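Down below is the structure, laid out as structure tokens.
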Amino acid sequence: LLQSTAEVRTTSSVQNGPGDTVPVSTLLQGKFSNLVNYLESNGVKKLGSISVNAYAAAELMSGGDNMACLGTDMEGADWQALWGPRLQRALVQAGRTEGWLDDVVLDCYLLTVEHASSPDDHGLLRHLMRLHNLGRCTQEVFSLPVVQALIHFKWNRYVRGVLLLQLSVFLVWLLSFTVFTALLQDEDGQTPLSQLLGTTAGRASVLCQVLSLLAMIPFAYIKVSSLLAYGLSAWASHWNVLDVVSYSLQVVISVIHLTDSLRPLIVSTPFLALVAAQVVVLYFKLQYFTRVFQPARPSFVDTATGVFANLADFMGVYIMLIWAFAVAFYVLFANDRDKDQFADWRSLWTAMVASYSALDGGMQYSDMLTSSAPALMSAVFMIFQFSMVLCLGNLIFGYIIGGVGDAVSNQGLKALLAKAGLVDETDAALPSVLEERLGRQQGWFPRFIYVLKVDSSSVDTVKLDADWPVEGVEDYYQPPAEAEAGSGEVAELKSYVAELEGEVAELRALITGLCEGSEAQDKGQSSKGAAASS
């Protein structure tokens with residue numbers, strides 16, 4: 001099939017045999033360093049190359065990453081026979097076989113790890129994710145070709161669809177809770193639930209609350225499944241902590257709102273604070289899904305977490321110094337606390353808030369002059385402004401800028417790691433019955449995985465540092481007629497140069513002859529003079 005079509009041609013081929021692959025269970029029995037070394041040096045085997053119409057190749061690799069994967073349980077399968085139907089189908093779907101694009105060369109590889117796509121502890125990805133979460137391997141492990149191909153296969157085979165379904169359910173949760181928040185403002189805490197259901201706004205409020213609670217249940221199940229699979233130490237992350245907070249807030253808010261004995265609390269400040277916090281947390285959680293669908297854009301939560309992780313020690317010292325100055329101002333304003341002008345310094349808590357506000361200009365220098373000790377207060381105020389605002393404040397901004405640069409670097413690799421986490425989280429949430437019925441029957445967990453990837457040598461490159469031309473276009477391009485005329489002029493010039501070279505050669509020979517004759521004449525005259533003198 002490949003050789004009979006002009007648009008798909010085999011350029012080289014190598015047969016694969018039983019000894020080319022190793023079961024994942026065998027690799028996991030050894031040390032982790034040996035596993036990484038094997039994946040790095042022998043993770044994939046090149047089987048051959050094929051030349052394919054560029055439009056068909058683009059259609060085949062529409063999933064991104066410039067690669068396409070397929071799985072099979074057949075040992076020693078002919079890779080050309082496996083890819084042939086898909087290439088022909090891609091060629092038909094592309095709808096174009098002519099145009100500017102030339103053919104591209106696709107290299108075919110075989111993942112040498114058998115059953116690498118198996119779910120849970122039977123596959124490769126679970127062990128890599130657990131070791132990474134425990135800090136025993138770096139994220140560069142996920143950039144290995146075999147791991148990249150494994151993530152690409154599982155992501156495009158079923159995880160992407162599952163994640164889109166999760167996103168739909170989460171949007172129901174987010175929108176229903178947002179509507180509930182708006183309707184809550186008109187509710188009375190003394191109205192029992194039965195009377196609340198008698199009004200249109202009350203029924204809508206309860207409906208949104210129930211929808212929020214029901215939409216939360218699948219996500220809570222997924223997190224519990226991943227917790228049981230990884231253990232607490234390997235499971236803990238800022239995203240999982242954010243999930244636990246959102247589930248806890250949702251349950252508490254629903255119980256208070258739907259229980260008659262607790263409904264008077266819905267107008268209290270703590271309850272309203274819980275509702276406000278849940279709204280903020282849910283909108284932050286939305287980036288959990290968008291970060292993998294937009295891998296080129298860094299997630300705000302991941303970036304902020306990375307920045308604060310680098311600034312944790314420095315921020316701790318900075319907050320302690322603010323507290324130290326707050327205590328100092330509280331003591332120095334002891335004789336002025338009865339004045340309304342110095343009401344912010346009547347307690348340590350308000351002094352801490354006022355000191356923090358002073359970092360942004362909240363404290364006026366005139367307050368120092370009107371205090372009972374203007375000289376001392378002015379000196380302390382100047383020390384505070386110089387050390388906390390001018391020095392440490394600018395240092396914090398510098399650290400934040402550097403931290404943002406570090407947090408957004410290697411964004412492609414971080415997006416790949418996020419995909420790997422979602423893939424394994426999906427596998428952990430699949431019941432064993434669905435793994436058998438859907439996974440095996442639908443080809444989610446094949447024994448072997450084959451990869452087609454664009455050969456980098458067949459991709460055209462452009463010199464990005466090329467200068468703009470100084471001359472006009474006519475100096476770089478000529479129509480065929482002008483080019484032929486130009487070639488005639490060049491030939492004529494070459495013949496004229498040849499004639500000049502001949503004349504120069506004759507002139508050189510003449511000059512050489514004259515020089516030799518002159519030297520002979522001089523020698524003859526010198527010999528005659530010597531004879532005469534003798």
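Residue numbers count from 1 along this sequence. What you see is a predicted model, and the numbers here were worked out from it, not measured in a lab.
For F325, the ring pair (Phe, Tyr, Trp, His ring centres under 6.0 Å) criterion is met by F384, not counting sequence neighbours. Checked against side chain to side chain contact (heavy atoms under 4.5 Å, CB included), P431 has the following partners two or more places apart in sequence or in another chain: Y221, L434. With sequence neighbours excluded, the residues satisfying ring pair (Phe, Tyr, Trp, His ring centres under 6.0 Å) with F180 are F177, H257. Contacts of L175 classified as side chain to side chain contact (heavy atoms under 4.5 Å, CB included), with partners at least two apart in sequence or in another chain: none. Remark: D120 pairs with R126 by the salt bridge (charged side-chain N to carboxylate O under 4.0 Å, His left out) rule, at least two apart or across chains. Remark: T112 pairs with Y38, K45 by the side chain to side chain contact (heavy atoms under 4.5 Å, CB included) rule, at least two apart or across chains. Qualifying salt bridge (charged side-chain N to carboxylate O under 4.0 Å, His left out) partners for R160, counting only residues two or more places apart in sequence or in other chains: none. Applying the side chain to side chain contact (heavy atoms under 4.5 Å, CB included) rule to V255 yields the partners V251, T259, L262; only residues at least two apart in sequence or on another chain are considered. In terms of the side chain to side chain donor-acceptor pair (under 3.5 Å) criterion, residue partners of S212 (sequence neighbours excluded) are, by chain and number, S176.
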query: For L87 and L452, what are the C-alpha separation, side-chain angles and deciding distance, and is it a side chain to side chain contact (heavy atoms under 4.5 Å, CB included)?
result: CA-CA 10 Å; L87 289 170; L452 274 186; 4.2 Å; yes

message: Applying side chain to side chain contact (heavy atoms under 4.5 Å, CB included) to V252 and Q278, what does each step give before you reach the verdict?
response: CA-CA 11 Å; V252 172; Q278 176 70 340; over 6 Å; no

- request: Test side chain to side chain contact (heavy atoms under 4.5 Å, CB included) on V22 and N42 and set out the steps.
  value: CA-CA 10 Å; V22 178; N42 302 309; over 6 Å; no

query: Could you go step by step and tell me if L184 and F271 meet the side chain to side chain contact (heavy atoms under 4.5 Å, CB included) rule?
result: CA-CA 11 Å; L184 180 65; F271 180 81; 3.7 Å; yes

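Taking each heavy atom of L128 and C137 in turn, the nearest pair found is O-SG, 3.9 Å. Between W155 and L163, the shortest heavy-atom contact is CH2-CD2, 3.5 Å. Of all heavy-atom pairs between A229 and R130, the closest is O-NH2, 3.0 Å. Taking all atoms of both residues into account, the shortest heavy-atom contact from Y450 to T72 is CE1-CG2, 3.5 Å. Here the closest heavy-atom approach between residue M67 and residue M61 is recorded as N-SD, 3.7 Å. Closest heavy-atom contact between V159 and T426: CG1-OG1, 3.9 Å.
L286 places a side-chain heavy atom less than 4.5 Å from the side chain of L171. By the 4.5 Å heavy-atom criterion applied to side chains, L124 and L39 are counted as neighbours. Using a 4.5 Å cut-off on side-chain heavy atoms (C-beta onward), L207 and L211 make contact. A 4.5 Å side-chain heavy-atom check between Q148 and V44 finds every atom pair outside the cut-off. Side-chain contact between T21 and L110 is present, with at least one heavy-atom pair separated by less than 4.5 Å. You'll find the side chain of K223 reaches within 4.5 Å of the side chain of E425, heavy atoms only. Residues V423 and F153 are not in side-chain contact: their nearest non-hydrogen atoms beyond the backbone lie 4.5 Å or more apart. Using a 4.5 Å cut-off on side-chain heavy atoms (C-beta onward), D424 and K154 make no contact.
Rounding to the nearest 0.5 Å gives a distance of 10.0 Å between CD of E140 and CG of L417. For the atom pair CG of L422 and OG of S226, the computed distance is 10.5 Å after rounding to the nearest 0.5 Å. In this structure, CG in L274 is found 11.5 Å from CD in Q250, a value given to the nearest 0.5 Å. Between the CD1 atom in I253 and the OG atom in S248 there is a gap of 10.5 Å [rounded to 0.5 Å]. Note that CG of N156 is 12.5 Å distant from CG of L70, once rounded to the nearest 0.5 Å. Atoms CE and CD1, on M352 and I322 in that order, are 5.5 Å from each other to the nearest 0.5 Å.
Using cut-offs of 30° and 60° for the angle between ring planes, the F219 and F170 rings count as perpendicular.
Between the side chain of N133 and the backbone N or O of W235 there is no donor-acceptor pair closer than 3.5 Å. In this structure, E114 contributes its side chain and F448 its backbone to no donor-acceptor pair below 3.5 Å. Proximity of a side-chain donor or acceptor of S143 to a complementary backbone N or O of Q139 within less than 3.5 Å is not detected.
W444 and S117 are not linked by any side-chain donor-acceptor pair at a separation below 3.5 angstrom, with hydrogens and angles left out of the test.
Pairs passing the salt bridge (charged side-chain N to carboxylate O under 4.0 Å, His left out) check and including a residue from residues 310-323, sequence neighbours excluded, do not occur. Screening residues 117-140 for ring pair (Phe, Tyr, Trp, His ring centres under 6.0 Å) gives H132-F142 as the qualifying pairs, with residues at least two apart or on separate chains.
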Which side-chain N or O atoms in residues 387-394 pair as donor and acceptor under 3.5 Å with protein atoms at least two apart or in another chain?
residue: S387; atom: OG; partner: I383; partner atom: O; Å: 2.7
residue: N394; atom: ND2; partner: L390; partner atom: O; Å: 2.5

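Under a 4.0 Å N-O distance rule, the pair K46/D455 does not qualify as a salt bridge.
For F284, the CZ atom is loosely surrounded, since the number of other residues' heavy atoms within 6.0 Å does not exceed 12. For Y356, the OH atom is loosely surrounded, since the number of other residues' heavy atoms within 6.0 Å does not exceed 12.
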